[in-house]
Participant: 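If you scroll down you'll find the structure; I have some questions about it.
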Amino acid sequence: ISVAQKMNHRGYRDERRKKISATQVENWRDTMKAAQATNDLPARQYAATLSMLAKMFPGKPERAATFLLEMLPLIEPR
């Protein structure tokens, strides 16, 4: 099951209130990765989150993604 499917299952929608697509998730990830070379705060926070998750769940990226999705309501309510 993809990240987009998991987000949709949890009730998240895009700015038009439509289901989130895998392409949208990929584009957002790519945008954040590209912005890491700049002094962009959200990009730095994204990089720090990925680093933290890699340490918390070494070699278990699916578990790390599930953990992050479970924590999203605390960070960004639906």
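Computed from a predicted structure; not experimentally measured. When a residue number appears, it is its place in the shown sequence, counting from 1.
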Participant: Each residue besides L50 in its hydrophobic cluster should be listed here, by chain and number; the cluster joins Ile, Leu, Val, Met, Phe, Trp and Tyr at side-chain heavy-atom distances under 4.5 Å.
Facilitator: W28, M32, Y46

Participant: Which pairs, with at least one residue in residues 11-25 and sequence neighbours excluded, count as a salt bridge (Lys or Arg N to Asp or Glu O under 4.0 Å)?
Facilitator: D14-R16

Participant: When you measure from the side chain of T49 to the backbone of Q45, do you find a donor-acceptor pair of N or O atoms at a distance under 3.5 Å?
Facilitator: yes

Participant: Is there a path of hydrophobic side-chain contacts, each under 4.5 Å between heavy atoms of I/L/V/M/F/W/Y residues, joining L41 to M52?
Facilitator: no

Participant: If you measure from CG on N8 to OG on S2, what distance do you get to the nearest 0.5 Å?
Facilitator: 7.5 Å

Participant: In Å, rounded to the nearest 0.5 Å, how long is the span from CE of M7 to CG of L72?
Facilitator: 6.0 Å

Participant: Nearest 0.5 Å please: distance from the NZ atom of K60 over to the CZ atom of F67.
Facilitator: 14.0 Å

Participant: For the residue pair V25 and V3, what are the closest heavy atoms and their distance?
Facilitator: CG1-CG1, 4.1 Å

Participant: I need the T38 OG1 to R44 CZ distance, nearest 0.5 Å.
Facilitator: 8.5 Å

Participant: Nearest 0.5 Å, what's the OG1-CD distance between T31 and E26?
Facilitator: 11.5 Å

Participant: Considering non-hydrogen atoms only, spot the tightest contact between A4 and A22 and give its length.
Facilitator: CB-N, 3.5 Å

Participant: Begin with the C-alpha distance, continue with both residues' side-chain angles, and end with the deciding distance and a verdict on side-chain contact (heavy atoms from CB on, under 4.5 Å) for K6 and R10.
Facilitator: CA-CA 6 Å; K6 288 179 181 181; R10 286 175 168 81; 3.6 Å; yes

